[in-house]
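One structure is given here, and the rest of the page talks about it.
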There are 2 protein chains.
Amino acid sequence: MGSSLKEIAERVGTSTASVSIYLNNRDTKRVSSAMKKKIDVAAKELNYRKNIFASSLSKSESKVIGILIPSNIPLFKNGYTNSLLSGIQSSLALKGYSLLFFPSSASSSKENVQEQLQNSAGCDGYILFSTGFCTMEHILWNIRELENTGKPFVTLNIPRVSKEVNQIIIEDLTSLRSLEYLLDAGHEKILLILGRTNGEHMQFILTEYRKILKQRKIPFDNRRIIYGNYSHKDTFLKVSNFLAVHRDISAICAMSDLMASSSLAAVKATGLTVPGDISIIGRNNSLYSELSDPPLSTLEMKIEDAGRSAADLLFEQITNPATCRKIFISGEIIERQSVNEKS
Amino acid sequence: MGSSLKEIAERVGTSTASVSIYLNNRDTKRVSSAMKKKIDVAAKELNYRKNIFASSLSKSESKVIGILIPSNIPLFKNGYTNSLLSGIQSSLALKGYSLLFFPSSASSSKENVQEQLQNSAGCDGYILFSTGFCTMEHILWNIRELENTGKPFVTLNIPRVSKEVNQIIIEDLTSLRSLEYLLDAGHEKILLILGRTNGEHMQFILTEYRKILKQRKIPFDNRRIIYGNYSHKDTFLKVSNFLAVHRDISAICAMSDLMASSSLAAVKATGLTVPGDISIIGRNNSLYSELSDPPLSTLEMKIEDAGRSAADLLFEQITNPATCRKIFISGEIIERQSVNEKS
DNA sequence: TTGTAAGCGTTATCAG
DNA sequence: CTGATAACGCTTACAA
């Protein structure tokens, strides 16, 4: 039952100072070994456990990292975000840090982060996420809020920002490397499957898309873009509808493995074969791509590495504050059996 | 920069008490509206944010729930655990609770929880997970540790325990309902694909397995059990090897959708068809089962519901401590296109 | 080797 | 309406 240092001290007849010091450093010379034993016994009997709030307050160091996610949709549902988190946690846990996830009920991504930050003072640092829903304006606002805390923080999953902030930049977040891979394989008529119509990420990708087409002198055709909402059903339906009308494409480039899988299902359903008639490439190297029949080639984005890097960078800034850094994570194409050379 | 109530109070010429009370209740009558405005200005200028550690210490209430996971392998990697967490978070966030994940470096599940608990006093409650790796002995030990904290807690993902503890019992964790479904469809020679050889869950399932076979007067055949380690490669390999020798089975019952998908791939690779030659059923109703070709029938376990229930029960125990409760979550079979009636 | 006491930032009580 | 002040439980000088 919530015992305190004071209770232990009283029981063994010493000061809280001695108890605290011993419990935090069993090798201390400050406490006699007789007293050490007594403390051990009392601590066990009283079920002593350190109060993290008292300790953090006293030390002005909490070993707690606040995770700020600008959305109030349920956490831990998105495979992509989970990989990021997994990377973060695996690295930070080694260094003895806990992770704190705040509640939020606001509706905009801006207010969400603000709300989470409201009761967060005392954390040793923060990691700021962004999602596909965020606009650049909100992202910058959130960064400003975070700067005002005076605590170290790093941003993750956000397109490159000119501001002087610690950033892990997942290059392929805004690249179309997988599209270029198809292009290099000789495909020209390609169906592009994006996630959502809104959000900053997709804007970057669209810009990139036009740039690539221009470079290769391929006309831009609005009809060859589909928004699959990262949903199996949506993607399946939209690709099916597309194929019912347009059979002239030779490849599909999807911005997630899930949507690639769904496209695969749609292609098969129309009687076409992969990669015989249509080549498909996904993104993420998630299990979906590996389990598909045929296994899908994909753009592995090194998401977990990104999470780990974020943690490492944050740790660096906490222990030894230095000038801001931007770290780039670049992925690679995983070749499996869903892409053919186009002759 | 970490400003405090005191700074605000000094700047506007009042006491910390007034500032605190106003900031926690904007409608208070204690503070004059003139003073309210001044406080607002100062709070904004100084970037005031409440220190969660000081506040929690003072109130003896933190609005923080500790999540105890008896393993130090990276979190957020397992789809099953993530669903549980998602359910928990979605419910607890509504009630204003934060989630705290502690680091741990120990090797045994018992020491892990102990370590996490060590610095955890001050949380308002705990949720104790168990994994397939835990033995019953460790689980019970962990529960005892938790009882010693005197704080409310609920256990999740643990087989039913006779002790008086709050428990969310996921019935299908230890059921073989999907196997019975195949049996009911007329299949008798069934390949059972379990996860791991160790851990308490699988022991329960094995016991259940023998019981069911006995009831139906089907001989137990050790060779018809494969351990897929929840791994695609392992499962694919082992099922392939199995089929190379034994072609007499008519169905496969896998304890995860992933392993079901992998089995499907293996079956197809040998030239057999699903469900023509072999029926397959998975477990979890994850996207894997939906995306497979053909889509796999599966046992939906209502994992997220379990997480939500855990959160709700914990909240109930925090706000209005009562006698312990055990809540049962039962799943249902999702019928898709991978199971045929065996004539 | 040990005890005393100040302080961490909030909240809550109580007297005005 | 308001200001002192004593908690909350722990850490850390500083003294002894």
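Side chains are part of it too, since the values below use all heavy atoms of this structure and drop only hydrogens, waters and symmetry mates. Reminder, nothing fancy here: chain letters follow the sequence lines and each chain counts from 1.
- For A:Leu57, taking side-chain heavy atoms from C-beta onward, the closest of the listed nucleotides C:dT10, D:dG9, C:dT11 is D:dG9.
- At D:dG3, one or more side-chain N or O atoms of B:Ser18 fall inside 4.0 Å of OP1 or OP2 (strictly under the cut-off).
- In this entry the distance linking CD of A:Glu61 with P of D:dG9 reads 22 Å, nearest Å.
- Within the structure, a side-chain polar atom (N or O) of B:Ser15 is placed less than 4.0 Å from OP1 or OP2 of D:dG3.
- In summary, the side chains of A:Thr135 and A:Glu200 do not present any donor paired with an acceptor at a separation below 3.5 Å, with no hydrogens or angles considered.
- Phosphate proximity of C:dT2 to A:Ser32: present, with a side-chain N or O under 4.0 Å from OP1 or OP2.
- Residue B:Met35 has its side chain nearest to D:dT2 when only D:dT2, D:dC10, C:dT2 are considered.
- Across the interface with DNA chain D, nearest-nucleotide mapping of B:Ser33 and A:Ser55 shows B:Ser33 to be the residue nearer the 5′ end.
- With 3.5 Å as the limit, one finds a donor-acceptor pair spanning the side chains of B:Ser18 and B:Arg30.
- Between the CD1 atom of A:Ile52 and the P atom of C:dC8 there is a distance of 20 Å, given to the nearest Å.
- Checking the phosphate oxygens (OP1, OP2) of C:dT11, no side-chain nitrogen or oxygen of B:Tyr22 falls inside 4.0 Å.
- Looking only at atom types and distance, the side chain of A:Tyr126 has a donor-acceptor partner in the side chain of A:Ser120 under 3.5 Å away.
- B:Asn51 has its CG atom 13 Å from the C1' atom of D:dC8, to the nearest Å.
- Minimum atom distance to the side chain of A:Lys59 is reached by D:dT12, of the listed D:dT2, C:dT2, D:dT12.
- The side-chain heavy atoms of A:Phe153 and A:Gln317, taken from C-beta on, include no pair separated by under 4.5 Å.
- Relative ring orientation between A:Phe76 and B:Phe101 is described as perpendicular, the plane-to-plane angle rising above 60° on a 0-90° scale split at 30° and 60°.
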Under-3.5 Å N/O pairs linking protein and nucleotides 5-7 of chain C:
residue : atom : partner : partner atom : Å
C:dG7   : N2   : A:Ser58 : OG           : 3.0

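- The CG-P distance, from B:Asn119 to D:dG9, rounds to 16 Å in whole Å.
- Whole-Å rounding puts the A:Glu7 CD to D:dG9 C1' distance at 11 Å.
- A:Glu10 has its CD atom 17 Å from the C1' atom of C:dT2, to the nearest Å.
- A donor-acceptor pair shorter than 3.5 Å cannot be found between the side chains of A:Ser56 and A:Glu61.
- For the pair B:Asn24 and C:dT10, the criterion of a side-chain N or O lying under 4.0 Å from OP1 or OP2 is not met.
- A sub-4.0 Å separation between OP1 or OP2 of D:dT11 and a side-chain N or O of A:Lys50 is present.
- At a cut-off of 3.5 angstrom, counting only N and O atoms as typed in the model, there is a donor on one side and an acceptor on the other between the side-chain of B:Arg30 and the base of D:dG3.
- In this structure, the CG atom of B:Leu23 is 16 Å from the C1' atom of C:dA12, given to the nearest Å.
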Apply side chain to side chain contact (heavy atoms under 4.5 Å, CB included) to B:Arg325 and B:Glu316, showing your working.
CA-CA 10 Å; B:Arg325 288 175 54 190; B:Glu316 183 186 309; 2.7 Å; yes
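- Residue contacts shown for B:Ile21 are absent, as no nucleic acid heavy atom lies under 4.0 Å away.
- A straight line from CG of B:Asn25 to P of C:dA12 spans 11 Å, rounded to a whole angstrom.
- No side-chain donor from either of B:Ser130 and B:Asn157 sits under 3.5 Å from a side-chain acceptor of the other.
- At D:dC8, none of the side-chain N or O atoms of B:Ser60 fall inside 4.0 Å of OP1 or OP2 (strictly under the cut-off).
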